[in-house]
**Student:** 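Quick one: this structure, given as structure tokens, is what I'll be asking you about.
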Protein chains: 2
Amino acid sequence: MEMGLRNGLRDKRTVVAQLREELSLLIEKEKLVTGDRLPTELELTGRFRISRPALREALKLLEQDGIINVVHGKGRFISATAALRVERPITCFESVTDMVRRFGYQPNNKVLSISEEEPDPEIAKALALNSSARVIRLERLRMQNDKVIMYCVDYVPRSAIPGRLDDLDWTGSLLDLLEKHYQRPKMSTATASAVMLPQHIVDRNNLHDFGPAFLIEEIAFSDAGLPVAYAQDYHRGSAFSFSFVRK
Amino acid sequence: MEMGLRNGLRDKRTVVAQLREELSLLIEKEKLVTGDRLPTELELTGRFRISRPALREALKLLEQDGIINVVHGKGRFISATAALRVERPITCFESVTDMVRRFGYQPNNKVLSISEEEPDPEIAKALALNSSARVIRLERLRMQNDKVIMYCVDYVPRSAIPGRLDDLDWTGSLLDLLEKHYQRPKMSTATASAVMLPQHIVDRNNLHDFGPAFLIEEIAFSDAGLPVAYAQDYHRGSAFSFSFVRK
DNA sequence: CGAATGTCAGTTGTCTGACAACATCATCAA
DNA sequence: TTGATGATGTTGTCAGACAACTGACATTCG
């Protein structure tokens with residue numbers, strides 16, 4: 001039986017954040033299934049050596065996620081939705097580079113253009129920029145062998161990346177670059193749709209065989225809740241599919 | 001300045017649940033925007049006449065939703081994501097009928113075929129059926145005026161719907177039908193991709209102008225965690241887009 | 001004068017202990 | 001047998017306290 005939280009001093013997160021993780025682990029380890037009851041608050045506070053308010057905040061988060069149900073006077077129970085799991089849902093934020101690798105590709109990224117420009121009103125609004133601010137526009141292809149599997153356009157505030165644009169390597173993960181110079185995106189709001197590639201993109205890059213594209217338009221936010229990137233990612237339909245849970 | 005929670009006695013929900021709602025309302029009413037600071041815990045506990053632990057549980061929920069972010073020692077601040085909250089993300093389970101209506105369509109559903117058959121191994125597995133069980137296959141078009149906006153194929157266990165198939169009205173919500181005869185689906189696992197409609201579907205229904213389709217393949221589960229339906233929904237790409245949050 | 005350090009008030013993070021409200025079950029009395 | 005009652009275990013809520021962090025200002029030292 002474990003006692004106390006795992007990474008005593010090393011973990012800078014709040015007790016609640018750690019607890020939340022510990023509780024998820026507990027459910028997994030103890031192989032609790034739908035309908036099973038969680039240990040009582042008394043037992044959990046004793047086991048992890050934390051206070052009831054902290055524990056309750058963590059449990060409340062699991063409850064909001066639909067992992068557990070609470071019945072006043074009885075206890076907390078594993079809900080049926082907890083069993084619904086997909087391996088890496090689209091609702092988990094990660095860099096495009098990582099996502100593509102997970103599909104088993106070892107992509108080669110080709111920069112089509114990199115420029116500094118005045119943002120469209122739509123993009124300025126998405127990035128919460130004032131009227132004078134400028135953006136960096138990055139246009140890339142992701143290739144698997146010689147096949148184009150993605151066409152990507154990214155916008156980041158010019159102020160996020162200091163220095164000359166030509167001095168940087170834009171072939172890697174944009175998130176890594178943002179982390180180094182600014183703030184790493186931690187979450188996003190996204191809209192997905194099925195489209196054909198814009199004709200001029202097809203013509204310019206000889207993408208006549210690209211077929212239907214899975215388009216994700218996404219605004220990425222830092223930990224502090226600031227928008228730090230706007231992306232339009234066109235995924236070759238035949239090369240990608242995305243899973244998620246609905247509840 | 002309001003004092004205490006609104007619906008004093010009538011509201012049977014927990015204080016935390018009410019608070020969560022009150023806080024959302026507060027943000028709206030006070031027209032708080034990205035970067036603004038929320039009132040302090042001290043002020044909020046005073047205003048709503050509730051304890052700090054209860055308040056903190058509610059705030060933790062808003063935090064998990066990405067509506068606010070906390071800085072230890074400074075306060076709580078409205079996140080940029082709060083402004084573009086998607087009211088109904090794709091991760092919220094609902095019937096196709098309801099979803100389509102939300103897009104502003106008043107669809108007319110046309111049944112192409114309804115039949116009882118032996119399931120493909122893939123479908124039998126998705127519905128956790130034993131080898132002898134049979135399924136109902138329902139093939140439909142959803143029309144807006146005379147335009148086809150969706151092509152849908154649904155599979156449900158034969159045992160879920162008793163009686164003769166011809167005696168039922170299949171033009172409505174399949175979820176409603178399942179609720180009446182069996183168990184209403186409450187959640188699902190889904191996979192989305194961008195495809196073209198299968199050629200034979202295009203030919204048979206004169207859908208040459210359908211364009212790229214947003215395909216959602218979905219296994220729906222009941223409250224008890226039992227699979228009750230398998231669906232393939234092809235959405236006309238130009239007519240639908242789906243939002244969600246990643247974190 | 002400038003930079004590092006100390007102090008203080010304000011805010012969030014965490015803990016302790018207590019009581020209320022609800023669910024379950026054993027006990028007891030009619 | 002059955003209904004009332006109370007004991008016990010559980011979650012819901014409250015009150016107060018202290019710790020840890022932030023920012024601003026004052027102080028000290030070079």
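These numbers come from the heavy atoms of this one structure, side chains and all, not from hydrogens, waters or symmetry mates. Lettering of chains follows the sequences in order, A, B, ..., and the numbering in each one begins at 1. Quick caveat, the model's predicted, so the values are computed rather than measured.
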**Student:** Name the first nucleotide and the last nucleotide along DNA chain C (5' to 3') that come under 4.0 Å of a heavy atom in chain A.
**Tutor:** C:dT14 to C:dT24

**Student:** Residues two or more places apart in sequence or in another chain: which of them pass ring-ring contact (aromatic ring centres under 6.0 Å, His included) with B:Tyr105?
**Tutor:** B:Phe240

**Student:** Can you name the salt bridge (Lys or Arg N to Asp or Glu O under 4.0 Å) partners of B:Arg76, sequence neighbours left out?
**Tutor:** B:Glu41

**Student:** I need the residues from residues 58-77 of chain B with at least one non-hydrogen atom less than 4.0 Å from DNA chain D; give them sorted by number, or say none.
**Tutor:** B:His72, B:Gly73, B:Lys74

**Student:** Identify all side-chain donor-acceptor contacts of residues 89-98 of chain A below 3.5 Å with residues at least two apart in sequence or on another chain.
**Tutor:**
unit_1, atom_1, unit_2, atom_2, d
A:Glu94, OE1, A:Arg102, NH1, 3.2
A:Glu94, OE2, A:Arg102, NH1, 2.1
A:Ser95, OG, A:Asp98, N, 3.0
A:Ser95, OG, A:Asp98, OD2, 3.3
A:Thr97, OG1, A:Arg142, NH1, 3.1

**Student:** How would you give the extent of chain B contacts on DNA chain D, as first and last nucleotide 5' to 3' within a 4.0 Å heavy-atom cut-off?
**Tutor:** D:dT13 to D:dG23

**Student:** Could you walk me through whether A:Thr191 and B:Ser243 pass the side-chain hydrogen bond (donor to acceptor under 3.5 Å, both in side chains) test, one step at a time?
**Tutor:** CA-CA 4 Å; A:Thr191 301; B:Ser243 296; 3.1 Å; yes

**Student:** Mind checking what makes side chain to side chain donor-acceptor pair (under 3.5 Å) contact with A:Ser79, not counting sequence neighbours?
**Tutor:** A:Thr81

**Student:** Among A:Thr189, A:Val228, A:Ile123, find the residue that satisfies the side chain to side chain contact (heavy atoms under 4.5 Å, CB included) test when tested with A:Ile219.
**Tutor:** A:Thr189

**Student:** Could I get the full list of salt bridge (Lys or Arg N to Asp or Glu O under 4.0 Å) partners for A:Glu116, not counting sequence neighbours?
**Tutor:** A:Arg134, A:Arg158

**Student:** A:Glu217: what forms a salt bridge (Lys or Arg N to Asp or Glu O under 4.0 Å) with it, not counting sequence neighbours?
**Tutor:** none

**Student:** Any sub-3.5 Å donor-acceptor pair from B:Lys186's side-chain atoms to B:Gly225's backbone N or O?
**Tutor:** no

**Student:** Does B:Phe221 have any ring-ring contact (aromatic ring centres under 6.0 Å, His included) partners at least two apart in sequence or in another chain, and if so, which?
**Tutor:** none

**Student:** List in chain and number order the residues that pass salt bridge (Lys or Arg N to Asp or Glu O under 4.0 Å) with B:Glu179, two or more places apart in sequence or in another chain; answer none if no residue qualifies.
**Tutor:** B:Arg184

**Student:** Assign each of A:Arg52 and A:Val16 to its nearest nucleotide of DNA chain C by heavy atoms, then name whichever residue's nucleotide is nearer the 5' end.
**Tutor:** A:Val16

**Student:** Quick one: do B:Arg13 and B:Glu21 make a salt bridge, cutoff under 4.0 Å?
**Tutor:** yes

**Student:** Can you list, in residue-number order, the parts of residues 32-42 of chain B that come under 4.0 Å of DNA chain C, counting heavy atoms only?
**Tutor:** B:Arg37, B:Thr40, B:Glu41

